[in-house]
Colleague: 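Before anything else, here's the structure in question.
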Amino acid sequence: MAARNRGCGLDLDWVQRVNINLSAVKRRAEAIPTRRAVKKECQAAWLLKAISCIDLTTLSGDDTFTNVQRLCHKAVHPVRQDLCDAMDIDQKSLTVAAVCVYPARVADSVKSLKFLGAKIPVAAVATGFPTGQYPLETRLEEIKRAVADGAQEIDIVINRNYALGGNWEGIYKEVQMMKEACGAAHMKTIIAAGELGTMTNVYKASIVCMMAGADFIKTSTGKETVNATLPVGLVMTRAIRDYYQVTGYKVGFKPAGGIRTAKDALSWLMLMKEELGNEWLQPHLFRIGASSVLGDIERQLYHYVTGRYAAAHELALP
């Protein structure tokens, strides 16, 4: 596993000289879903890889212990036993990468996963998710409480007001403090790309967060009008590559929001392979934040095994 990102000093010269060619970004992104077609056994293998990289998520106002318990069960058993048998896969070895919940549901998730005998980490969204419009002290305390309840990963949100105003030093200092509050927990930094205005800001926010020590950078909260898109993903993965070439630290990437189909998941896997290479196709460096994509992936695997698509009642809800 790659060494955790220790961050580096804030290099404002690097940040300020960034200039994104938007038309080139769009052309490159449009080619990603069309250049490669994976079928049959290869498609099934890629879909199984996608499952292993999913942060299975529930972030609803009506979340209860029962909802979280059901989510955890699906995280541990993402594909039906008979389908695993038909593909000669040990069901016990196939799980999602993490369960992602609100801080108030962390203890429920830890309890449910312990009951199931699973070692899947619990990720908590924190720091006033999704808006971040709370005092810094409150946001830091939320991180500490989630970690105390057993969260091993923390998904934070940056101050979009700072980003839109070009206050990169402010973002750098806040993210540094959040990383310290996380302690041993890995920190995924949500830049909320759909609210940053320009692709140049997307790149700058990504670089600054990595300089401040982010273990992952994440596209979106899933609550914005525009969430994870391939052009945004391209800009962010290029930022990751640039940061790695300068510092030697490998930072993970997590697209989230709007990823609903198996085809969507495959497109993101292809982006990672082409831009960052095979190592970034592992859960310690790549996650897919989603609540519904797992259902469509299982549906596609059902079709691969049986030759027909499953009816709604034949597959368990996440």
Colleague: Using side-chain heavy atoms (C-beta onward) and a distance below 4.5 Å, is R238 in contact with V25?
Modeller: no

Colleague: Got a donor-acceptor contact below 3.5 angstrom from the R4 side chain to the D215 backbone?
Modeller: no

Colleague: Under a 3.5 Å distance rule, please check whether S60 uses its side chain to pair with a backbone N or O of D62 as donor and acceptor.
Modeller: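 Answer holds: no.
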
Colleague: Less than 4.5 Å apart, any side-chain heavy atom of V110 and any of D149?
Modeller: no

Colleague: With the 4.5 Å side-chain cut-off for hydrophobic clustering, are L266 and L285 part of the same group?
Modeller: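 Yes, one cluster joins them.
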
Colleague: Indicate whether the side chain of S267 and that of D264 have a donor and an acceptor atom separated by less than 3.5 Å.
Modeller: no

Colleague: I want to check something: taking the side chain as every heavy atom from C-beta on, are T138 and E142 in contact at a cut-off of under 4.5 Å?
Modeller: no

Colleague: Report yes if the side chains of Q152 and H186 come closer than 4.5 Å at any heavy-atom pair, otherwise no.
Modeller: no

Colleague: Could you state whether I240 and I171 fall into the same hydrophobic cluster, counting links through intermediate Ile, Leu, Val, Met, Phe, Trp or Tyr residues with side-chain heavy atoms under 4.5 angstrom apart?
Modeller: yes

Colleague: Ignoring hydrogens, what is the shortest heavy-atom contact between A29 and L234? Give both atom names and the distance.
Modeller: N-CD2, 4.3 Å

Colleague: I need the L71 CG to S109 OG distance, nearest 0.5 Å.
Modeller: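 With rounding to 0.5 Å, CG (L71) is 7.0 Å from OG (S109).
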
Colleague: Please give me the minimum heavy-atom distance between S52 and P283, naming the atom from each residue.
Modeller: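 Heavy atoms only, the tightest pair is O-CG, 3.2 Å.
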
Colleague: A quick test of your reading: do over 12 heavy atoms of other residues, nucleotides or ligands sit less than 6.0 Å from CZ of R80?
Modeller: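 Buried by this count: over 12 neighbours within 6.0 Å.
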
Colleague: Could you walk me through whether R6 and Y249 pass the side chain to side chain contact (heavy atoms under 4.5 Å, CB included) check?
Modeller: CA-CA 8 Å; R6 296 175 61 184; Y249 292 124; 3.2 Å; yes

Colleague: Heavy atoms, side chains only, cut-off 4.5 Å: are I154 and V147 in contact?
Modeller: yes

Colleague: Hey, does the side chain of T219 reach the backbone of A256 with a donor-acceptor pair shorter than 3.5 angstrom?
Modeller: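 Such a contact is found between T219 side chain and A256 backbone.
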
Colleague: Does CD in E314 sit with more than 12 non-hydrogen atoms of other residues, nucleotides or ligands closer than 6.0 Å?
Modeller: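 Correct, the count exceeds 12.
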
Colleague: Taking the six-membered ring for Trp, are F286 and F253 parallel (under 30°), tilted (30 to 60°) or perpendicular (over 60°)?
Modeller: parallel

Colleague: Has N201 got a side-chain atom pairing as donor or acceptor with L196's backbone, closer than 3.5 angstrom?
Modeller: yes

Colleague: Run the salt bridge (Lys or Arg N to Asp or Glu O under 4.0 Å) check on D108 and R105 step by step: do they pass?
Modeller: CA-CA 5 Å; D108 293 343; R105 301 270 73 87; 2.7 Å; yes

Colleague: I'd like to know if the side chain of Q282 pairs up with that of K49 as donor and acceptor (distance under 3.5 Å, no hydrogens or angles considered).
Modeller: yes

Colleague: To the nearest 0.5 Å, tell me how far F216 CZ sits from I156 CD1.
Modeller: 14.0 Å

Colleague: With a 3.5 Å cut-off and no angle check, do the side chains of T58 and D63 form a donor-acceptor pair?
Modeller: yes

Colleague: Could you tell me if T229 and N227 have a donor-acceptor pair between their side chains, going purely by distance under 3.5 Å?
Modeller: no

Colleague: Quick check: does any side chain N or O of T127 sit under 3.5 Å from a backbone N or O of G132, one acting as donor and the other as acceptor?
Modeller: no

Colleague: Please report the interatomic distance CD1(I190) to OG(S220), rounded to the nearest 0.5 Å.
Modeller: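 That separation rounds to 8.5 Å.
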
Colleague: Could you check whether any side-chain heavy atom of R299 comes within less than 4.5 Å of a side-chain heavy atom of H303, counting everything from C-beta outward?
Modeller: no

Colleague: Going through the checks in order, is the salt bridge (Lys or Arg N to Asp or Glu O under 4.0 Å) test met by K74 and E298?
Modeller: CA-CA 11 Å; K74 187 63 176 177; E298 189 177 18; 2.7 Å; yes

Colleague: Same hydrophobic cluster for W280 and V232, using side-chain heavy-atom links shorter than 4.5 Å among ILVMFWY?
Modeller: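 Yes, same cluster.
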
Colleague: For the atom pair NE2 (H77) and SG (C72), what is the distance rounded to the nearest 0.5 Å?
Modeller: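 Nearest 0.5 Å value for the NE2-SG distance: 11.0 Å.
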
Colleague: If I take atom CZ from residue R28 and atom CG from residue L230, how far apart are they, to the nearest 0.5 angstrom?
Modeller: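 It comes to 9.5 Å.
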
Colleague: Output yes when E169 and K173 qualify as a salt bridge under the 4.0 Å nitrogen-oxygen rule, no when they do not.
Modeller: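 Yes, E169 and K173 are salt-bridged.
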
Colleague: Check K218 with D155, please: is the shortest side-chain N to carboxylate O separation under 4.0 Å?
Modeller: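 Salt bridge flag = yes for K218 with D155.
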
Colleague: Under the rule for side chain to side chain donor-acceptor pair (under 3.5 Å), what residues qualify as partners of N161, not counting sequence neighbours?
Modeller: none

Colleague: If you take all heavy atoms of G197 and L164, which pair is closest and at what distance?
Modeller: N-CD2, 4.4 Å

Colleague: Restricting to non-hydrogen atoms, name the atom on R139 and the atom on G128 that form the minimum distance, rounded to 0.1 Å.
Modeller: CG-N, 4.1 Å

Colleague: Is any side-chain heavy atom of I143 closer than 4.5 Å to one of M178?
Modeller: yes

Colleague: Please examine the side chains of K250 and H284, heavy atoms only from C-beta on, and report whether any two atoms are closer than 4.5 Å.
Modeller: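 Of all side-chain heavy-atom pairs linking K250 with H284, none is under 4.5 Å.
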
Colleague: Is a donor on one side and an acceptor on the other found under 3.5 Å between the side chain of Y302 and the backbone of R308?
Modeller: no

Colleague: Work out which heavy atom in E224 is nearest to a heavy atom in A193; give both atom names and the distance.
Modeller: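 The pair with the smallest heavy-atom distance is OE2-N, 4.4 Å.
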
Colleague: Would you mind checking if R241 and E275 are paired as a salt bridge, meaning a charged N to carboxylate O distance below 4.0 Å?
Modeller: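 Looking at E275 and R241, the cut-off is met.
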
Colleague: To check you understand the geometry: which heavy-atom pair defines the closest contact between L56 and A75, and what is its length?
Modeller: CD2-N, 3.8 Å

Colleague: What is the distance from atom CE of M236 to atom OG of S206, rounded to the nearest 0.5 Å?
Modeller: 4.0 Å

Colleague: Just by modelled atom types, is the V251 backbone N or O under 3.5 Å from a matching donor or acceptor in the N5 side chain?
Modeller: no

Colleague: Walk me through it: do K254 and I217 pass the test side chain to side chain contact (heavy atoms under 4.5 Å, CB included)?
Modeller: CA-CA 6 Å; K254 179 179 175 180; I217 51 174; over 6 Å; no

Colleague: Check whether more than 12 heavy atoms from other residues, nucleotides or ligands sit under 6.0 Å from atom NZ of K111, and answer yes or no.
Modeller: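 No, the 6.0 Å shell around NZ holds no more than 12 heavy atoms from other groups.
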
Colleague: Check step by step if side chain to side chain contact (heavy atoms under 4.5 Å, CB included) holds for T189 and V175.
Modeller: CA-CA 8 Å; T189 304; V175 173; 4.3 Å; yes

Colleague: Take a 6.0 Å sphere around CD of Q16 and say whether it holds more than 12 heavy atoms from other residues, nucleotides or ligands.
Modeller: yes

Colleague: In this structure, would I158 and V208 fall into the same cluster of hydrophobic residues linked by side-chain contacts under 4.5 Å?
Modeller: yes

Colleague: Would you find more than 12 non-hydrogen atoms of other residues, nucleotides or ligands less than 6.0 Å from F65 atom CZ?
Modeller: yes

Colleague: Cut-off 3.5 Å, no hydrogens considered: what does the side-chain donor-acceptor table look like for residues 84-92, sequence neighbours left out?
Modeller:
| from | atom 1 | to | atom 2 | distance (Å) |
| --- | --- | --- | --- | --- |
| D85 | OD1 | Q81 | NE2 | 2.8 |
| D90 | OD1 | K92 | N | 3.1 |
| Q91 | NE2 | V79 | O | 2.8 |

Colleague: Between E30 and K26, is a salt bridge (Lys or Arg N to Asp or Glu O under 4.0 Å) present by the stated rule, with each step listed?
Modeller: CA-CA 6 Å; E30 286 170 358; K26 290 181 176 179; over 6 Å; no

Colleague: Side-chain heavy atoms under 4.5 angstrom apart, residues restricted to Ile, Leu, Val, Met, Phe, Trp, Tyr: same cluster for M187 and V99?
Modeller: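 Yes, it is one cluster - the side chains of M187 and V99 are joined through contacts under 4.5 Å.
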
Colleague: W268 vs I32, test: side chain to side chain contact (heavy atoms under 4.5 Å, CB included). Steps then yes/no.
Modeller: CA-CA 9 Å; W268 285 103; I32 291 167; over 6 Å; no

Colleague: Using only atom types and a distance under 3.5 Å, with no angle test, would you say the side chain of T131 pairs donor to acceptor with the backbone of Q133?
Modeller: yes

Colleague: Check the angle between the aromatic planes of Y102 and F129 and answer parallel, tilted or perpendicular using the 30° and 60° thresholds.
Modeller: perpendicular

Colleague: Donor-acceptor check, side chain of T57 to backbone of D55, threshold 3.5 angstrom: yes or no?
Modeller: yes

